[in-house]
Amino acid sequence: MCLAGGEFVGHRGDSRRAPYNPTVAVRVRFAPSPTGELHVGGARTALFNWLWARKEGGTFVLRIEDTDLARSETRYTQGIMDALSWLGLSWDELFYQSQRLPHYRRYVDRLLEEGKAYPCFCTPEELAERRKRALARGEAPEYDGHCRDLSQKDRQLYLAQGRKPAIRFLVPEEAKETSFVDFLRGEVHFRRLTTGDFVIQKADGTPTYNLACVVDDHEMGVTHVLRAEDHISNTPKQIWLYQALGWEPPAFGHLSIILGPDRKKLSKRHGATSVEALREEGYLPEAVVNHLALLGWSPDSGEEVFTLEELVDAFSLEKINLSPQVFDFEKLRWLNRKHLARLSPRELLKRARPFLARYSGVPEDRLAAALELLRPGLSTLGELADHPDLRYLLAPPELPPEAVEELSPPEARAALARVLSRLGPGFSPEGLRPLVREVAAELGVPTRGVFHPLRLALTGRTHGPELVGIVGVLGVAEVRARLEAALRAVEEAQGGK
Ligand code: GLU
Ligand code: ZN
């Protein structure tokens with residue numbers, strides 16, 4: 001693969017995959033920046049690293065990259081951890097970069113001493129101005145090396161003016177044509193990487209991403225860096241830092257990007273794109289994990305429905321596919337239905353609880369029975385919150401005037417009254433059909449002429465799940481009470497005329 005200025009320009013004929021070394025215990029990491037919720041792209045990276053570590057009996061490190069003090073927030077750190085836990089992705093070790101600032105300092109100082117880095121006194125305004133001019137001249141808008149060769153005297157002068165320097169890494173021009181071997185993609189070549197001397201420590205003394213990442217991956221013994229494609233152009237910079245510090249770099253592999261259904265970069269526009277939002281919409285973690293796993297990985301068997309445990313068994317790096325992957329909400333809903341179908345009744349109730357707040361007083365077995373009845377039609381648990389069928393299953397319906405009117409003709413009333421008179425305490429839902437047939441025959445109407453008024457009286461609606469199922473959830477006492485209430489409502493309406 002060949003890249004120019006960080007942009008993909010094509011594959012090289014000789015690209016080979018560099019296999020990872022299976023004799024080395026795998027230590028991988030997920031390194032989110034807590035500047036927002038856990039996005040599905042990040043979650044996919046976390047999942048693939050986790051699966052790999054679990055598969056190989058390796059170690060999965062969680063590293064919170066929170067050195068950008070202005071943009072990082074502890075609530076996001078907490079949210080990311082909650083989201084990972086919810087998905088079932090447990091970490092073996094946890095680090096916060098904000099607690100490791102002296103480590104980064106030490107290595108920046110070493111690079112300064114060795115002349116591999118230098119202080120830059122340019123202000124953001126000066127940099128912006130020069131970038132604009134470079135663009136106007138048709139040149140690459142990268143740092144122009146202004147402070148590279150400042151004399152000791154110039155530096156003193158700037159310091160005396162109260163300027164606080166950033167520290168830049170010195171990139172030799174000839175280093176910019178570079179390549180590395182990606183363990184998923186083979187050789188990745190850059191004709192000329194568009195980067196000037198890049199900042200490794202900001203003027204406030206905090207490290208930048210590339211420096212902190214290298215120091216940590218080294219000190220934490222990370223053997224393989226598996227992350228998304230958008231970091232490909234950071235990789236040479238990181239490799240230069242390893243070289244400058246005299247360290248062996250880890251192996252790097254980059255996963256494909258994730259697109260929305262319209263094949264544009266996935267964004268909020270497409271719908272819920274954070275794990276937290278998907279959770280709130282009532283997707284099961286099993287379904288989210290399952291869909292994430294299929295974003296760039298597929299087994300030979302063609303199978304698509306997996307639990308996390310099954311994924312650990314089935315996962316392999318060889319089956320990773322590098323074409324852009326579409327986050328497909330339809331597919332996610334389909335997977336969610338598959339995983340909903342696998343839950344035990346108890347587990348279904350447990351998962352549904354957060355969406356049933358408005359039914360807090362309803363007895364447990366009634367809830368469980370209602371969920372069983374609705375389960376086949378559910379795509380997400382979020383649908384329960386306003387589910388029209390759930391309402392009358394859990395509380396008697398208010399009969400709308402149209403329903404009362406439809407129940408007013410003598411045949412309808414007779415149907416209800418006859419069914420009611422034959423509902424003894426020993427009645428079981430399987431008895432409903434024969435009973436309806438019997439009453440229909442007596443009244444000389446089609447069975448629909450009995451089923452329909454029954455449904456109206458019991459649910460207040462004209463459509464819904466099979467009546468036998470509804471009667472099963474309600475139980476005979478409740479069915480009787482609703483039939484009586486419906487007959488009373490009809491009587492009252494007629495009395496009022
Ligand atoms: N904090 C970086 C990010 O969230 C980590 C990238 C990496 O894995 O090196 O994009
Ligand atoms: Zn400068």
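For the numbers below, each heavy atom of this structure counts, side chains included, while hydrogens, waters and symmetry mates do not. In listed order, ligands and their atoms are each counted from 1. One-based numbering along the sequence shown.
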Of R279, E37, E280, K268, which meets side-chain hydrogen bond (donor to acceptor under 3.5 Å, both in side chains) against S274? E37
Does ligand 1 have an atom that lies less than 4.0 angstrom from a heavy atom of Q238? no
S33 heavy atoms, cut-off 4.0 Å: which ligand 1 atoms fall inside? 1 (N), 2 (C), 3 (C), 4 (O)
Are F327 and H270 near enough that their ring centres are under 6.0 Å apart? no
Parallel, tilted or perpendicular: which one describes the rings of H254 and F252, with boundaries at 30° and 60°? parallel
What's the shortest distance from atom 8 (O) of ligand 1 to any protein heavy atom, and which residue and atom give it? R29 NH1, 2.6 Å
Proximal ligand 1 atoms for H231, defined as those under 4.0 Å from one of its heavy atoms: 3 (C), 6 (C), 10 (O)
Need one value: angle at the Zn ion (ligand 2), C122 atom SG versus C120 atom SG, rounded to 10 degrees. 110°
Which residue is it: H103, R29, R100? I am looking for the one with a side-chain hydrogen bond (donor to acceptor under 3.5 Å, both in side chains) to D216. R100
If we only count N/O pairs under 3.5 Å, is Y209 in contact with ligand 1? yes
At the Zn ion (ligand 2): angle between Y143 atom OH and C147 atom SG, to 10 degrees: 100°
Distance from atom 5 (C) of ligand 1 to nearest protein heavy atom, with residue and atom: A31 O, 3.1 Å
Centroid-to-centroid, W52 to F183, below 6.0 Å? yes
Considering only heavy atoms of R227, which atoms of ligand 1 have at least one such atom less than 4.0 Å away? 7 (C), 8 (O), 9 (O)
If the cut-off is 4.0 Å to any non-hydrogen atom of E65, which atoms of ligand 1 fall inside it? 1 (N), 2 (C), 5 (C)
Are more than 12 heavy atoms, taken from residues, nucleotides or ligands other than R106, located less than 6.0 Å from that residue's CZ atom? yes
Going by an N to O cut-off under 4.0 Å, is there a salt bridge joining D300 and K319? yes
Less than 3.5 Å between some nitrogen or oxygen of C213 and one of ligand 1, yes or no? no
Side chain of D197, backbone of G145: donor and acceptor closer than 3.5 Å? no
